[in-house]
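Worksheet for the structure shown next.
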Amino acid sequence: DSGVTQTPKHLITATGQRVTLRCSPRSGDLSVYWYQQSLDQGLQFLIHYYNGEERAKGNILERFSAQQFPDLHSELNLSSLELGDSALYFCASSVAIQGNTDTQYFGPGTRLTVL
Amino acid sequence: QQQVKQSPQSLIVQKGGISIINCAYENTAFDYFPWYQQFPGKGPALLIAIRPDVSEKKEGRFTISFNKSAKQFSLHIMDSQPGDSATYFCAATRSTPLVFGKGTRLSVIA
């Protein structure tokens, strides 16, 4: 158990809908990262928050947004869902701000299925 | 675009054999190269990592070999066991979020 929690574990929804994925980082971790994992694209970085502030953006669609709250939990909002958004969404957390100085601990993921 | 190319896509190894997974990167600024292990239904977990100031790092049965001039690094799993069956991802970074390879599905058969 990495100490990172994600809810829900599974989510099934229809095209055009909006969903919210939630992540609670490990106790004491200030950084939260979101990744999308699909069979053909592997693990793709979406966005990074550090202590409530956005620090880096990756291949995140404009239909997607995220935020990190004062208690450090984070939410990833996906709107106007398309079939191609079906994937595993992982949250990871780390103590510091730098990706190369500390370990990222991954949560168990949320499997999103868009029908 | 920053990329990390990983091969092979899948690998079948006999129990007790050596599993070798290779990765190549483009960005010479990368300075941290971790390997992650992922079991079905779980998130990736850090297995071992290396920085480019050393050519090899060993932790138990797992070894990373690093070739800075060739911009390549590889994971060697010695005495592979059925419990090692998982998907392995290499990654690279420098003060940025991790850039992952596409993964290698390893199956260790008895």
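Residue numbers start from 1 in every chain, and the chains themselves are labelled A, B, ... in the order their sequence lines are given, proteins ahead of strands.
- Heavy-atom distances place the side chain of B/Tyr36, and not its backbone, under 4.5 Å from chain A.
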| request: Mind running side-chain contact (heavy atoms from CB on, under 4.5 Å) on A/Phe45 and B/Phe100 for me, showing each step along the way? | output: CA-CA 9 Å; A/Phe45 165 69; B/Phe100 283 92; over 6 Å; no
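- There is no contact between B/Gln6 and chain A, counting heavy-atom distances below 4.5 Å.
- No part of A/Tyr105 comes within reach of chain B, as not one of its non-hydrogen atoms sits under 4.5 angstrom from that chain.
- If you chain together hydrophobic residues whose side chains sit under 4.5 Å apart, A/Tyr49 and A/Ile60 fall into the same group.
- Using a 4.5 Å heavy-atom cutoff, the side chains of A/Tyr35 and B/Leu98 are in contact.
- Rounded to the nearest 0.5 angstrom, B/Gln38 CD and A/Leu43 CG are separated by 6.5 Å.
- Residue B/Glu59 places its CD atom among more than 12 non-hydrogen atoms of other residues, nucleotides or ligands, all under 6.0 Å distant.
- Follow the hydrophobic side-chain contacts under 4.5 Å out from B/Phe33 and you reach B/Tyr88 in the same cluster.
- Residues of residues 39-48 of chain B lying within less than 4.5 angstrom of chain A, judged on heavy atoms, are B/Gly41, B/Lys42, B/Gly43, B/Pro44, B/Leu46 in numerical order.
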| task | Before giving the answer on side-chain contact (heavy atoms from CB on, under 4.5 Å), spell out for A/Gln37 and B/Phe89 the whole-Å C-alpha distance, their side-chain angles and the decisive distance to 0.1 Å. | result | CA-CA 12 Å; A/Gln37 184 176 37; B/Phe89 295 93; 3.2 Å; yes
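- Under a hydrophobic clustering in which Ile, Leu, Val, Met, Phe, Trp and Tyr are joined whenever their side-chain heavy atoms come within less than 4.5 Å, directly or via other members, B/Ile21 and B/Met78 fall into different clusters.
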